[in-house]
**Student:** 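One structure coming up, written as structure tokens, with questions to follow.
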Amino acid sequence: MGMTQAEKILARASGRETVTAGEFVVGEIDLALLHDIFAAGVFDMLVDVGVDDVFDPGKTVVVVDHLVPAPSAEAAAIHQRIRDHVARLGIESFYDSGQGICHQLLPENGHIRPGALVVGTDSHTTTYGALGAGGTGIGTSDMVYALATGRLWFRVPETIRFVFSGELQPSVTWKDVILYLAGRFGADAAQYKAMEFGGDGASRADMSSRLTVSNMAVEMGAKFGLFAADEVTDAYLLDHGGVGCDPFGPDDDAVYEAVHEISLADLAPQIAMPSEVDNVSPVGDAAGLAINQAFLGSCTNGRIEDLRAAAEVLEGRHIAPGVRLLVVPASRSVMKEAMDTGVLATLVDAGASVLAPGCGPCFGGHGGLMGPGERCIGTHNRNFIGRMGSAEAEIFLASPATVAASALMGVIADPREVEVKDA
Amino acid sequence: MPDETMVGRVWKFDNDISTDVLSPGQYAVAPLEVRKLHVLESVNPSFAQECQPGDIVISGTNFGCGSSRETAPENLKAVGVACVVAESLARIFMRNAVAVGLPVIVCVGVHDAFEDGHEIEVDLATGRVRNVTTGVELQGDSLPEEMRGILAAGGILEVLRAQGGRGT
């Protein structure tokens, strides 16, 4: 009997020939990621349990991305503690304030390998499934255990496979696809399970799109959101870190809990309405609602492809009066490329405020929070109550093109309508 | 192994209670004494103040969805919650609850079977849930032995301490 991609990852990590969904295994950790919300606390806890090193400083990556630039003296002090711990523990892969969001930096710098078991103190660690890796979020106590021992317990998940066929229509993106899946199947459809994204449609998706989809797999409850590693993965890895990869994916005779066929050509731009990620409709259903803020960024959609898509909508135009457009490139290298290619100038000319790479507004930390009664449309991944400041603010989630079109019109808008007006 | 059955007063919540509701982002790095006071405040402003040690939270589906912040189960534990019984639990929340020593179980039908203030009896080992007030009994998912072992130790850090800070 064949194995799913998740089973293959956990079998290798636990030194077994095969594993089956439902089993508990102890897996060897290939990479552990910590970011600045939790890193100092985790390292303090490690000291508290009497452990003065980490299992492998070369397999530990620390990123300062949530509280950047430090919004308070307390945040700055947390960063100081992190720097002290990182130096003490000999961790080389340390991305300090301003370099970008962890889920952008790790793929960008070649840390993620197909088949690897990656744990992070962040739910969006599922992002690494885009490269065929078993990335999953854990909490701080589990991270302390993982750093001390190099291992962690896992339940081998059942897998739901999504098979994509056909081509997306113009102005429809893989952000729309993952929102559609959340809406159709529900925010807990993949609870404690793995999702696999396959079929011809998935193999045509570029890496930026795959990162968006795997990133949001956790919004359906998934433990992993996996694409097979293929030529697209190989080319990306050669560009980012310089070491390509062999194909890696599920066996043809793997056993799935369910298999769903999705026709990409049938999809329209989608929008998640307040206050659940699975409250999804075609964007037309929300069209015309006035917005106060538009947010282009996050680990979901802050890459160069996303900024470019927004710039294409906003080229030579200006956002509506009374709308704030926040642009947060996912990393410094994304920002640099956006500068070098004129994308950033287009966005600034259109009225955007550009913020330093980081997570600030997306997790409700700082730098673009909402007041009561305000409405935001963003490219990020969560629209929960209170996610961006006031519990009385409303958050809508959509693609970069839809967010740009909405900023332009001052109301939620279908990007296809905006383009039609131009023609 | 400590007693795996418990009886407590019910606080009832609906579907999709997220980690942003359990541990709002603005207080992400605030000390426990501060941040616990904001647990669930956007859906029930008096909960944190009025929750008593031993009270039990009942919820609909996807409880604890969202981020990996362990402060979510930690806040619940800190205001006295003895157990969460949900129609379904978000994966990382469930993992984190076990890691910090907060018992959680899944029990389909629990949301309809309870109201605020009812008394509930929960057995982690068998998954049996009983409404003491109405007499209704439900069969939930028993918690796997691996997780109950961590809970019995008082959380995964206690497991680690018992192992002398290293793997077994």
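Below, read A as the first sequence line, B as the second, and so on, with proteins coming before strands; counting in each chain starts at 1. It should be emphasised that the depicted structure is a prediction, and the values quoted were computed from it without experimental measurement. All values below come from the heavy atoms of this structure, side chains included, with hydrogens, waters and symmetry mates left out.
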**Student:** So, for A:H380 and A:F363, is the gap between ring centers shorter than 6.0 Å?
**Tutor:** no
**Student:** What option among A:P157, A:S141, A:G139 has the most heavy-atom pairs under 4.5 Å with chain B?
**Tutor:** A:S141
**Student:** Pick one of side chain, backbone, both or neither for A:M388, based on which atoms fall under 4.5 Å of a heavy atom in chain B.
**Tutor:** neither
**Student:** Looking at B:V100, B:V159, B:V21, B:L89, which has the largest count of heavy-atom pairs under 4.5 Å with chain A?
**Tutor:** B:L89
**Student:** Pairing donors with acceptors under 3.5 angstrom, does anything connect the side chains of A:R88 and A:H85?
**Tutor:** yes
**Student:** Relative to chain B, which segment of A:L46 carries a heavy atom at a distance below 4.5 Å: side chain, backbone, both, or neither?
**Tutor:** neither
**Student:** In this structure, which one of A:T127, A:V61, A:L31 forms a side-chain contact (heavy atoms from CB on, under 4.5 Å) with A:V118?
**Tutor:** A:L31
**Student:** Is B:D116 reaching over with its side chain to a backbone N or O of B:K12, donor-acceptor style, under 3.5 angstrom?
**Tutor:** yes
**Student:** Side chain, backbone, both or neither: which part of A:V144 has a heavy atom under 4.5 Å from chain B?
**Tutor:** both
**Student:** Verify whether the ring centers belonging to B:F13 and B:F63 lie closer than 6.0 Å.
**Tutor:** no
**Student:** Among B:A90, B:S42, B:S88, which residue has the highest count of heavy-atom pairs closer than 4.5 Å to chain A?
**Tutor:** B:A90
**Student:** Please state whether the side chain, the backbone, both or neither of A:A187 comes within less than 4.5 Å of a heavy atom of chain B.
**Tutor:** both
**Student:** Classify the side-chain pair B:N131/B:E119 by whether it contains a donor and acceptor separated by less than 3.5 Å.
**Tutor:** no
**Student:** Taking every non-hydrogen pair under 4.5 Å, which of B:A72, B:P24, B:A99, B:G25 racks up the most with chain A?
**Tutor:** B:A99
**Student:** Closer than 3.5 angstrom, by distance alone: can the side chain of B:R148 be matched with the main-chain N or O of B:L143 as a donor-acceptor pair?
**Tutor:** yes
**Student:** Side chain of B:R69, backbone of B:S23: donor and acceptor closer than 3.5 Å?
**Tutor:** yes
**Student:** In terms of heavy-atom proximity below 4.5 Å to chain B, should A:F38 be classed as side chain, backbone, both, or neither?
**Tutor:** side chain
**Student:** Tell me whether the NZ or CZ atom of B:R95 lies within the 45° cone about the ring axis of A:F154 and under 6.0 Å from its centre.
**Tutor:** yes
**Student:** Pick from A:V277, A:I78, A:L67, A:D48: which one has the most heavy-atom pairs with chain B under 4.5 Å?
**Tutor:** A:D48
**Student:** Please look at A:T136 and chain B and tell me whether the side chain, the backbone, both or neither of the residue comes under 4.5 angstrom of a heavy atom of that chain.
**Tutor:** both
**Student:** Select, from B:R161, B:E158, B:M147, the one with the greatest count of heavy-atom pairs under 4.5 Å involving chain A.
**Tutor:** B:R161
**Student:** Let me know if A:R387 has heavy atoms under 4.5 Å from chain B in its side chain, its backbone, both or neither.
**Tutor:** both
**Student:** Against chain A, work out which of B:M94, B:E41, B:E146 has the most heavy-atom pairs shorter than 4.5 Å and name it.
**Tutor:** B:E146
**Student:** Under 4.5 Å from any heavy atom of chain A, what part of B:P144 do you find: side chain, backbone, both or neither?
**Tutor:** side chain
**Student:** Using the six-membered ring wherever Trp is involved, compare the ring planes of B:W11 and B:F47 and label them parallel, tilted or perpendicular (cut-offs 30° and 60°).
**Tutor:** perpendicular
